[in-house]
Chemist: 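One structure coming up, written as C-alpha cells, with questions to follow.
No hydrogens, no waters, no symmetry mates; every other heavy atom, side chains included, goes into these values. Please read all numbers here as calculations on a predicted model, not as lab measurements. Whatever order the structure lists ligands and atoms in, that order sets their numbers, starting from 1.
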Amino acid sequence: MTVHNTPEESLIVVKNLCKSFDDRSDGVLNNISINIKKGDLVSLIGPSGCGKSTFLRCLNCLELLDSGYIRIGDVELSRGDISRRPDAKMLEASHKMRAEVGMVFQGYNNLFPHKTVMQNVTLAPRVVKKMPEAEARETSMRILKKVGLENVADKYPSTLSGGESQRAAIARALAMNPKVMLYDEPTSALDPELVGEVLQVMKDLDSEGMTQIIVTHEMQFARDASDYIVFIDKGEIVEYDDGDILFTKPKNNRTKEFLRHFKGTGTAVNY
Ligand code: ADP
Ligand code: MG
C-alpha cells in the first residue's frame with residue numbers, strides 16, 4: 001500500500017510545512033506535506049533530532065509554523081512566509097486548532113500531582129467548557145472505564161504505575177473530545193512490562209475510529225497497529241508506507257540505514 005490520500009478525503013492536511021528556530025539557519029521541518037484520513041493510526045519514526053516532536057507541536061499549535069498550511073477538520077491555518085507576523089486571524093485559528101487536538105507526552109509529568117485522577121480528567125471540561133460538575137464526572141468516569149482506570153479515579157498520580165499515569169493522561173486528553181490524538185513517545189519512560197497496556201489503549205481507540213499520530217520507538221507496535229508508518233529524517237518525510245512493506249522493502253537508503261538499528265534489538269521490537 002502506498003499512501004496517497006487526497007486532501008478532500010483527509011481529516012488532517014499538511015502542505016509545505018516549514019519550521020526553523022532562531023539559533024539555526026537550516027530548517028527543523030522542511031516542506032512537510034501529508035494527508036491523514038479520519039480513523040487512521042499513523043506512526044512517525046526517525047532518528048533523534050529529526051523533527052518528530054516539532055511536527056506534533058506544530059499540529060497542536062504549541063509552535064506556530066513559519067510557513068505552509070495545516071487543516072484539521074474545518075480549522076485552517078496558513079502562513080505565507082515567516083516574515084508575515086502572526087495576525088489575529090492566525091492566532092484565533094491556532095487556538096481553535098489546539099482545541100481539536102489532544103496530546104500526550106513522554107514521561108510522568110502529564111498530570112497535575114496535587115489533583116486526583118478524576119480531578120485531572122474533569123478539570124479542562126469544567127474550566128474550558130464550563131461543564132457542570134456532575135456531567136463532567138459522569139463523562140470522565142466513562143472515559144476512565146475505557147482506559148481501564150475506573151478503580152483509581154480517586155487516587156493521586158504519585159500512587160499510580162507509569163502505565164496507569166500514561167493511560168490517565170490519555171483519558172485527560174480524551175475528556176476534551178478531540179478529533180485527533182497526538183502522542184510523543186508515550187511509552188518511552190515506561191518499564192517494558194507496562195508498555196503494552198498503554199499501546200492497547202491506542203489500539204482500542206483505533207477500533208473506535210479515533211485518528212491518532214504516534215511518535216514511537218516501539219517498532220513492533222508501529223508495524224502491527226499502524227495504518228502506515230512515516231519515516232522522517234532531517235526534517236523531511238523520506239518515505240511512508242504500510243508497516244510490512246516499510247520494514248521488509250524500504251525504498252530509500254536513509255530508511256534502510258535507520259531500520260538496521262532496530263534489527264535484533266529486543267527493547268524496540270517487543271511490546
Ligand atoms: P525529535 O523529536 O525528532 O527528536 P525535535 O523536533 O525535538 O526532534 O527537534 C528537532 C531539532 O530542532 C533539534 O535539532 C532540536 O534541537 C531543535 N529544536 C527543537 N525545539 C527547539 C526550540 N524550542 N528551540 C531551538 N531548537 C529547537
Ligand atoms: Mg522528540
Chemist: Can you tell me which portion of V28 lies within the under-4.0 Å heavy-atom range of ligand 1? Options are side chain, backbone, both, or neither.
Modeler: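 It is the side chain that touches ligand 1; the backbone stays farther off.
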
Chemist: For the Mg ion (ligand 2), decide whether T54 has an N, O or S atom at a distance under 2.8 Å.
Modeler: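 It does not: T54 brings no N, O or S atom closer than 2.8 Å to the Mg ion (ligand 2).
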
Chemist: Check whether any side-chain heavy atom of M141 lies under 4.5 Å from a side-chain heavy atom of M118, and answer yes or no.
Modeler: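 Yes, at least one pair of side-chain atoms sits under 4.5 Å.
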
Chemist: Should you measure from each heavy atom of S48, which atoms of ligand 1 turn up under 4.0 Å away?
Modeler: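 With S48 as reference, the close atoms of ligand 1 come out as 4 (O).
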
Chemist: The test is side-chain hydrogen bond (donor to acceptor under 3.5 Å, both in side chains); show your working for Q200 and D204 and say whether it passes.
Modeler: CA-CA 6 Å; Q200 186 59 47; D204 293 345; 3.0 Å; yes

Chemist: Going by distance alone, is a donor N or O of one side chain under 3.5 Å from an acceptor N or O of the other, for N120 and R172?
Modeler: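 Checked: N120/R172 side chains pair up, N/O donor to acceptor below 3.5 Å.
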
Chemist: Would you say the side-chain atoms of S67 and D81 include a donor-acceptor pair closer than 3.5 Å?
Modeler: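 Distance-only check fails for S67 and D81.
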
Chemist: Just go through E185, E63, R57, K52 and tell me whose heavy atom is the nearest to atom 3 (O) of ligand 1.
Modeler: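 It is K52 that holds the nearest heavy atom.
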
Chemist: I want to check something: taking the side chain as every heavy atom from C-beta on, are I214 and F221 in contact at a cut-off of under 4.5 Å?
Modeler: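 Contact flag for I214/F221 side chains = yes.
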
Chemist: Out of S20, C58, G49, G46, who gets a non-hydrogen atom closest to atom 1 (P) of ligand 1?
Modeler: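 The residue whose heavy atom sits nearest atom 1 (P) of ligand 1 is G49.
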
